[in-house]
2 protein chains.
Amino acid sequence: METSETTAISDLWEMLQQGPRRTLAQAAVDEFGKRGFHATTTRHIAERIGMSPAALYIHYPSKADLLFTIAKIGHEAVLNESLAAVEGISDHHERVLSFVRTFTAWHAVNHLLARVIQYELHSLQPDHLKEIAAIRRRTADFAAEEFRHLVSDTSKLRMRTVACLSLSIDVARWYVPGKSPAPEELGAEYAQLVIAMLRS
Amino acid sequence: METSETTAISDLWEMLQQGPRRTLAQAAVDEFGKRGFHATTTRHIAERIGMSPAALYIHYPSKADLLFTIAKIGHEAVLNESLAAVEGISDHHERVLSFVRTFTAWHAVNHLLARVIQYELHSLQPDHLKEIAAIRRRTADFAAEEFRHLVSDTSKLRMRTVACLSLSIDVARWYVPGKSPAPEELGAEYAQLVIAMLRS
DNA sequence: GTCTATAATACGATAGAC
DNA sequence: GTCTATCGTATTATAGAC
């Protein structure tokens with residue numbers, strides 16, 4: 001079928017059926033990412049897609065719940081893409097290279113979404129944060145397990161893992177499409193830097 | 001004189017005379033850093049120091065101006081400490097080590113202030129942002145000049161500079177006092193990682 | 001399901017007493 | 001210089017027509 005190639009790789013928004021619920025979430029990502037959650041009003045989101053502010057509350061119980069939905073989709077997407085990146089690769093060195101390439105490129109391509117999921121954790125309600133934190137732990141644990149094979153001094157694994165993930169996550173802060181290097185190029189370069197950090 | 005030892009190293013808040021203006025700024029750093037600028041109200045800041053919300057407007061023309069004052073102090077502090085860190089050192093390798101140690105430790109010690117100056121740039125007014133951007137350029141230019149001597153491939157200097165600064169800046173996002181490594185320890189470790197990144 | 005209109009509240013900032 | 005009281009506005013969310 002003609003659409004198989006675009007649906008083979010998991011769509012970021014597959015959790016949401018296409019329709020106003022997805023359109024609203026995508027508009028909210030752009031607004032939250034550019035201006036921050038609290039600086040963004042329901043009017044900003046609604047105006048961007050030509051709807052009234054009230055339309056939001058047909059598809060989401062609250063603005064806070066819209067943020068939670070976005071955070072969940074984003075965190076699950078980056079985790080799933082990271083897991084998929086190492087699938088079928090046996091060499092430890094190559095697995096780390098592929099993971100870091102993918103993880104870094106994801107934060108460049110989806111830098112607005114990445115800003116929301118990385119810098120708006122404090123805007124989540126406590127119960128929402130608890131669920132998101134569980135996904136984040138799975139991602140961090142996966143990375144540590146991959147990095148473990150390249151770090152000789154085990155006592156440094158934890159700090160090195162934090163540092164290597166941190167390097168890629170911060171891409172979301174400074175990345176400017178068009179001005180910054182292409183996501184694949186950046187991913188390849190960062191993969192080399194992470195190898196250097198782990199082996200040092 | 002007895003106070004010479006504490007005043008020899010430049011005080012972060014030396015730009016502000018001690019008094020309500022400084023107290024307000026310090027309280028605002030804690031609140032902005034923990035909850036974000038737009039999520040923080042003038043009541044939050046005032047309550048923290050036992051004043052009324054109206055007191056803020058005696059010492060600052062607006063909440064936006066309070067943010068600008070904080071941003072200016074923070075950016076000038078991290079720049080000045082970075083410049084001081086390499087003063088009198090001639091060896092390029094040692095200069096980079098000292099700079100990264102200081103720059104990283106600063107973002108750990110002052111992680112709440114660092115969050116404000118790194119993640120609230122979009123909350124600044126255009127004219128304020130312009131002035132802040134000039135200070136940021138000086139810091140980035142200084143770092144690139146220091147790193148230049150350790151990067152053999154000149155075409156990679158720009159991207160490596162972004163990456164190395166990025167690594168230390170992101171400390172502000174995840175650092176938790178007591179739980180995370182001590183600032184000096186983290187700085188020393190990160191200095192080694194930056195060397196590995198630059199030389200790779 | 002979407003709109004207009006609006007309720008209820010919270011916010012930044014000011015007025016005026018002390 | 002600081003307070004209490006409050007103004008004007010903006011915000012989240014709801015009510016009710018279509």
Side-chain angles (χ1 to χ4, degrees), chain A residues 13 15-72 116 120-129, chain B residues 13 15-72 116 120-129:
Chain A
W13 302 100
M15 285 177 67
L16 268 37
Q17 298 177 334
Q18 61 185 43
R21 189 169 158 82
R22 183 189 289 191
T23 309
L24 277 162
Q26 289 170 329
V29 164
D30 289 347
E31 295 297 320
F32 291 166
K34 276 179 186 155
R35 317 151 47 100
F37 174 74
H38 280 103
T40 302
T41 70
T42 55
R43 280 167 181 79
H44 290 138
I45 300 166
E47 272 173 26
R48 169 177 268 269
I49 55 174
M51 294 185 98
S52 75
L56 191 153
Y57 296 92
I58 300 159
H59 304 283
Y60 293 92
S62 68
K63 188 186 157 194
D65 198 86
L66 175 55
L67 174 65
F68 172 61
T69 301
I70 290 167
K72 196 171 173 184
V116 179
E120 296 289 355
L121 291 176
H122 61 86
S123 302
L124 288 168
Q125 295 172 357
D127 55 329
H128 288 163
L129 178 58
Chain B
W13 302 99
M15 287 176 66
L16 269 37
Q17 298 176 334
Q18 61 185 44
R21 189 169 158 81
R22 182 188 289 191
T23 309
L24 277 162
Q26 289 170 329
V29 164
D30 289 348
E31 294 297 320
F32 292 166
K34 277 180 185 155
R35 316 152 49 101
F37 174 74
H38 280 103
T40 301
T41 70
T42 55
R43 284 163 180 81
H44 290 138
I45 300 165
E47 274 174 27
R48 168 177 269 269
I49 54 174
M51 293 185 99
S52 75
L56 191 154
Y57 296 91
I58 301 162
H59 305 283
Y60 294 92
S62 67
K63 187 187 159 194
D65 196 87
L66 175 54
L67 174 64
F68 172 61
T69 301
I70 291 167
K72 196 171 173 186
V116 178
E120 296 289 355
L121 292 177
H122 60 86
S123 302
L124 288 168
Q125 294 173 357
D127 55 328
H128 288 163
L129 177 58

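Keep in mind that this is a model prediction, so the values were computed, not measured. Lettering follows sequence order; numbering is per chain, from 1.
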Open item on the list: To check you understand the geometry: which heavy-atom pair defines the closest contact between Ala39(B) and His44(B), and what is its length?
Closed with: O-CE1, 3.6 Å

TODO: Of all the heavy-atom pairs spanning Leu129(A) and Leu121(A), show the shortest one and how long it is.
DONE: CD1-O, 4.0 Å

Open item on the list: Taking the axis from the first five pairs and the axis from the last five, what angle separates them in the helix from dG1(C)-dC18(D) to dC18(C)-dG1(D), rounded to 10 degrees?
Closed with: 10°

Task: Check ion pair Arg43(B)-Glu47(B) (N to O, under 4.0 angstrom) - done: no

Task: Shortest non-hydrogen contact between Ala27(B) and Ile49(B), atoms and distance - done: CB-CG2, 3.7 Å

TODO: Kindly give the heavy-atom pair with the smallest separation between Thr42(B) and Pro53(B), and that separation in Å.
DONE: OG1-CB, 4.1 Å

- [ ] Under 4.0 Å from any atom of DNA chain C, heavy atoms only: list the residues of residues 59-70 of chain B that qualify, in numerical order.
- [x] Ser62(B), Lys63(B)

Anything under 3.5 Å between a protein N or O and an N or O of nucleotides 16-18 of chain C, put it in a table, one pair a line.
none

Open item on the list: Could you measure the distance from the CG atom of Asp30(A) to the CZ atom of Arg48(A)? Nearest 0.5 Å is fine.
Closed with: 4.0 Å

- [ ] Take atom CG of Leu56(A) and atom P of dT14(D), then tell me their distance rounded to the nearest Å.
- [x] 11 Å

Side chains of residues 15-25 of chain A: which donor-acceptor partners sit under 3.5 Å, not counting sequence neighbours?
from: Arg21(A); atom 1: NH1; to: His59(A); atom 2: O; distance (Å): 2.7
from: Arg22(A); atom 1: NE; to: Leu16(A); atom 2: O; distance (Å): 3.1
from: Arg22(A); atom 1: NH2; to: Trp13(A); atom 2: O; distance (Å): 3.3
from: Arg22(A); atom 1: NH2; to: Leu16(A); atom 2: O; distance (Å): 2.6
from: Thr23(A); atom 1: OG1; to: Gly19(A); atom 2: O; distance (Å): 2.9

TODO: Kindly indicate whether the side chain of Met51(A), heavy atoms from C-beta on, has any atom under 4.5 Å from the side chain of Ile45(A).
DONE: no

- [ ] Pull out every residue in residues 18-34 of chain A that has a heavy atom closer than 4.0 Å to any atom of DNA chain D, ordered by number, or say none.
- [x] none

Task: Side chain to side chain, Thr40(A) and Lys34(A), heavy atoms closer than 4.5 Å - done: no

Open item on the list: Do Phe37(B) and Lys63(B) make a side-chain contact, defined as non-hydrogen atoms from C-beta onward lying under 4.5 Å apart?
Closed with: yes

Task: Shortest non-hydrogen contact between Ile70(B) and Ala28(B), atoms and distance - done: CD1-CB, 3.6 Å

TODO: Examine dT14(D): is either OP1 or OP2 under 4.0 Å from a nitrogen or oxygen in the side chain of Tyr57(A)? Give yes or no.
DONE: no

Open item on the list: From the set dT12(D), dT2(C), dC3(C), return the single nucleotide nearest to any side-chain atom of Ala54(A).
Closed with: dC3(C)

TODO: Enter the distance from His38(A):NE2 to Glu120(A):CD here, rounded to the nearest 0.5 Å.
DONE: 8.0 Å

TODO: Please list residues of residues 38-53 of chain B whose heavy atoms come under 4.0 Å from any atom in DNA chain C, ordered by number; otherwise none.
DONE: Thr40(B), Thr41(B), Thr42(B), Arg43(B)

Task: Smallest separation among heavy atoms of Gln125(B) and Ala64(B), with atom names - done: NE2-CB, 3.4 Å

Task: Length of the line joining Phe37(A):CZ and dT11(D):P, which is rounded to integer Å - done: 13 Å

